[in-house]
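What you are looking at is a predicted structure, and each value in this text was computed from that prediction instead of being measured.
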Amino acid sequence: MHHALPSRLAPMRMTRLFGHTRRERTDADTENLDLLLRAGFIDQLAAGSYTYMPLGYRTKRKVEAIVRQEMDRAGAQEVFMPAIQPSELWEQSGRYDVFGATLFRVTDRRERALVLAPTHEEVITRLFRDHAQSYRDLPATLYQIQTKFRDEARPRGGLIRVREFTMKDAYSFDMDEAGLDASYTAMFEAYRRIFARCGVPTVPVEADSGAIGGKGSQEFIFIADIGEDTILICNQCGYAANTEKAEFVRPATDRPAGTSPSSVRGEPGEPPRGAQPAETPAPEPPLPTEEIATPGTSTIEALAQLLGIPASRTAKAVLLAATNPHHPTDPPEAVFAVIRGDLDVNEIKLSNALGGRELAPLTEARIRDLGAVPGYASPIGLERRFRVVADTSIMDAPNLVAGANREGYHLRNVNVGRDWEPEIVTDIALGRHGHTCARCGTGTLEERRGIEMGHVFRLGTIYTQAFEVNVLAEDGARRTPIMGCYGIGVDRIVAAAVEANHDDSGIRWPAAIAPYEVHLVALGASRDPAVATDADALYEELRAAGIEVLYDDRDESAGVKFNDADLIGLPFRLTVSSRNLKDGLVEVQPRGSDAARLARSEVTAHLVEQLTAARTG
RNA sequence: CGGGGAGUGGCGCAGCCUGGUAGCGCACUUGACUGGGGGUCAAGAGGCCGCACGUUCAAAUCGUGUCUCCCCGACCA
């Protein structure tokens with residue numbers, strides 16, 4: 001049943017509608033939050049906790065209805081799992097500690113440790129284990145629309161980062177990789193349709209699958225400056241990835257003579273694959289190390305400027321404290337991450353290289369304790385009470401300038417292998433605006449801010465193994481099913497839809513998720529009984545035709561009503577007034593377009609026609 | 001968790017420095033006028049001044065503590 005309509009929601013008279021618009025702007029820092037608050041869609045209870053008022057809740061329900069339709073269409077089955085879960089379940093998967101402080105922990109009256117679920121992999125896996133027995137039960141994709149709880153360190157951005165939110169989460173179970181591919185693709189396509197129908201433009205980007213493994217994941221990003229995520233998009237081939245994941249070609253090391261990086265980078269050549277140097281500079285013999293005075297030069301930028309060298313001729317040491325998430329109480333290890341000065345460390349890649357350690361900046365006291373000096377640190381000449389991870393960029397870069405571990409001094413002509421030895425050499429560099437795309441080898445990566453609206457993830461067997469799930473295969477053997485997981489932030493869709501669809505006077509709801517479809521305005525009804533009678537009749541007529549109407553029957557001036565209609569932002573505004581009534585006309589104004597006057601007798605049919613197409617989005 | 005800012009009718013703010021009658025705009029109620037882009041006038045209702053302790057004859061105002069909210073950062077499978 002394609003494009004089944006959500007059941008029609010009841011109409012409403014504004015004299016009865018709970019909640020009022022506000023005339024004055026709020027101090028919200030995003031447009032969507034300001035508009036949602038001002039138009040009376042939501043109300044803030046506490047940091048990261050919002051109430052949906054009647055208007056907002058209708059929109060939210062419509063988003064959920066679209067999500068349900070698309071999940072069902074893709075063959076997923078809806079379930080509903082508990083939000084309150086025994087913490088043992090989380091200990092079994094190892095995530096009780098991994099989730100850290102973000103996990104809401106509660107205790108019941110018997111002192112039993114419980115968790116307010118931030119996601120549901122544990123429960124779904126156990127559910128599947130107990131109810132699926134053979135390959136005949138697979139493939140299976142289950143989903144739910146549930147409240148999730150995350151004790152965010154800092155909720156912000158209105159509905160974007162909250163502590164209690166509604167998420168659609170789906171989980172697929174397949175016998176083999178081919179099956180997972182099919183399930184994953186079905187969800188991917190469903191996501192595209194959901195965002196399109198909700199009027200939220202998204203870009204699928206490659207995402208980091210993290211230390212928990214998995215064979216790839218993609219995020220659906222809504223591109224917006226207010227976003228907290230950074231993504232890189234290739235201006236040539238369209239490759240898009242989270243910065244944490246993005247593959248790029250490193251700019252070659254600048255030659256001391258001052259060969260500009262652009263002249264090197266701009267040369268066409270073999271499109272390099274992966275994060276390898278674009279060009280290998282002619283071998284340069286290692287020179288003797290010498291200490292040089294660089295007072296007050298604790299940044300790479302200042303150092304390069306002082307010495308008149310490019311940043312790529314320096315080595316940057318980033319000092320971090322690494323904690324094993326499975327043993328969070330163990331003392332953290334100190335880590336020196338060394339990278340060429342013109343690049344930045346990608347903490348996700350570094351974390352992955354260290355087996356999923358959680359990283360935090362090393363305190364100044366601990367830096368000094370290791371014998372290093374903040375701003376002048378390097379692994380050179382120090383007693384090895386730390387781990388050293390080197391980025392591949394450093395390995396073929398000779399005669400670099402590095403910290404001397406002495407206030408106000410650096411070392412010239414530092415060479416890896418001779419002066420210091422890394423424990424791990426790997427790619428730990430962060431992709432940046434302007435880097436060359438590694439996919440096509442010619443395009444330039446452009447940096448964009450965005451909000452993660454959804455995430456599709458080939459999970460693998462991490463959870464099915466942790467919970468010892470296996471099913472009988474066709475050949476009689478027991479197999480561990482392969483999982484995929486797929487999440488969508490429902491509240492984020494509401495916020496993003498507003499962010500993407502508004503103008504100076506208010507929201508411009510996509511018809512598919514507008515709280516009502518038609519804003520019926522009666523002008524001067526209190527002084528012209530004919531207007532009141534006709535507007536009432538039209539209200540009933542629209543309702544009977546299955547149109548969701550918000551009827552402004554208040555005794556307010558035209559200006560107030562029009563401004564409120566613009567702010568609330570329904571797709572169509574109908575105006576009944578004595579002026580038009582005597583000509584047998586009604587004014588129809590699509591939100592954001594010019595008004596037209598239609599014969600009173602044709603209005604309902606006209607709107608039914610207009611809305612039928614728009615409803616499915 | 002570190003840094004900064006703020007808590008005074010529903011919302012936004014002033015008052016605090018220099019202690020003594022709690023004020024303004026929006027919103028709300030009633031009435032009159034007005035009537036196609038937030039109209040005018042008049043009369044009203046509504047406030048443990050975040051909380052606690054202290055100083056004082058007297059605290060929104062001074063002091064200490066605490067809670068909350070906002071912003072920056074850290075954090076965010």
Identified pairing partner of [N], criterion: Watson-Crick or G-U wobble below 3.5 Å:
N	result
G25(B)	C11(B)
C75(B)	none
G20(B)	C57(B)
U40(B)	A32(B)
C48(B)	none
U68(B)	A6(B)

Over how many whole Å does the gap from [X] atom [atom1] to [N] atom [atom2] extend?
X	N	atom1	atom2	value
Arg492(A)	C76(B)	CZ	P	14 Å
Asp528(A)	G36(B)	CG	C1'	14 Å
Met167(A)	C76(B)	CE	P	17 Å
Leu45(A)	U68(B)	CG	C1'	12 Å
Ile568(A)	G38(B)	CD1	P	17 Å
Asp29(A)	G73(B)	CG	P	12 Å
Leu581(A)	G36(B)	CG	P	15 Å
Glu24(A)	C13(B)	CD	C1'	10 Å

Which of the following nucleotides, [options], is nearest to the side chain of [X]?
X	options	value
Arg22(A)	A77(B), C75(B), C11(B)	C11(B)
Glu121(A)	A77(B), G38(B), G37(B)	A77(B)
Asn580(A)	G37(B), C70(B), G36(B)	G36(B)
Ala558(A)	C11(B), G36(B), G39(B)	G36(B)
Asp555(A)	G35(B), A77(B), C11(B)	G35(B)
Asp566(A)	C76(B), G37(B), A77(B)	G37(B)
Val560(A)	C28(B), C75(B), G39(B)	G39(B)
Gln44(A)	G38(B), C70(B), A77(B)	C70(B)

[X] near the nucleic acid: base, sugar-phosphate alone, or nothing, with a heavy-atom cut-off under 4.0 Å?
X	result
Ser526(A)	base
Ala46(A)	sugar-phosphate
Glu347(A)	sugar-phosphate

Taking the [atom1] atom of each, how far is [N] from [M], in whole Å?
N	M	atom1	result
A14(B)	G47(B)	C1'	15 Å
G36(B)	A32(B)	C1'	22 Å
C76(B)	G65(B)	P	33 Å
U8(B)	G15(B)	P	14 Å
C69(B)	U64(B)	P	23 Å
C70(B)	C33(B)	P	47 Å
G20(B)	A27(B)	P	32 Å
G19(B)	G63(B)	C1'	13 Å

**Item:** Output field: ring centroids Trp509(A)/Phe572(A) closer than 6.0 Å
**Value:**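 No - the distance between ring centres of Trp509(A) and Phe572(A) does not fall below the 6.0 Å cut-off.
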
**Ring centres under 6.0 angstrom apart (Phe220(A), Phe195(A))** =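 So the answer is yes for these two rings.
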
Answer with yes or no whether [X] presents, from its side chain, a donor or acceptor under 3.5 Å of a partner atom in the base of [N].
X	N	answer
Asp564(A)	G38(B)	yes
Arg573(A)	G37(B)	yes
Arg95(A)	A77(B)	yes
Glu587(A)	G36(B)	yes

Does [X] count as lying over the ring of [Y], i.e. NZ or CZ under 6.0 Å from the six-ring centre, within 45 degrees of the axis?
X	Y	result
Arg58(A)	Tyr516(A)	yes
Arg573(A)	Phe562(A)	yes
Arg16(A)	Tyr551(A)	no

**Prompt:** Do the charged groups of Arg597(A) and Glu587(A) touch, with an N to O distance under 4.0 Å?
**Reply:**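 Salt bridge flag = no for Glu587(A) with Arg597(A).
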
**side-chain hydrogen bond (donor to acceptor under 3.5 Å, both in side chains) against Thr51(A), all qualifying residues, sequence neighbours excluded** =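 Applying side-chain hydrogen bond (donor to acceptor under 3.5 Å, both in side chains) to Thr51(A) gives none.
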
**Asked** For Arg154(A) and Glu452(A), take the nucleotide of RNA chain B holding the closest heavy atom to each; which residue's nucleotide lies nearer the 5' end?
**Response**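 That would be Arg154(A).
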
**Message:** Go nucleotide by nucleotide along RNA chain B from the 5' end; which of Thr21(A) and Arg527(A) gets its closest nucleotide reached first?
**Reply:**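 Residue closer to the 5' terminus by nearest nucleotide: Arg527(A).
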
**Asked** Counting only N and O atoms by type, is there a donor-acceptor contact under 3.5 Å from the side chain of Gln44(A) to the main-chain atoms of Ala46(A)?
**Response**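 Pair found, side chain donor or acceptor close to backbone of Ala46(A).
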
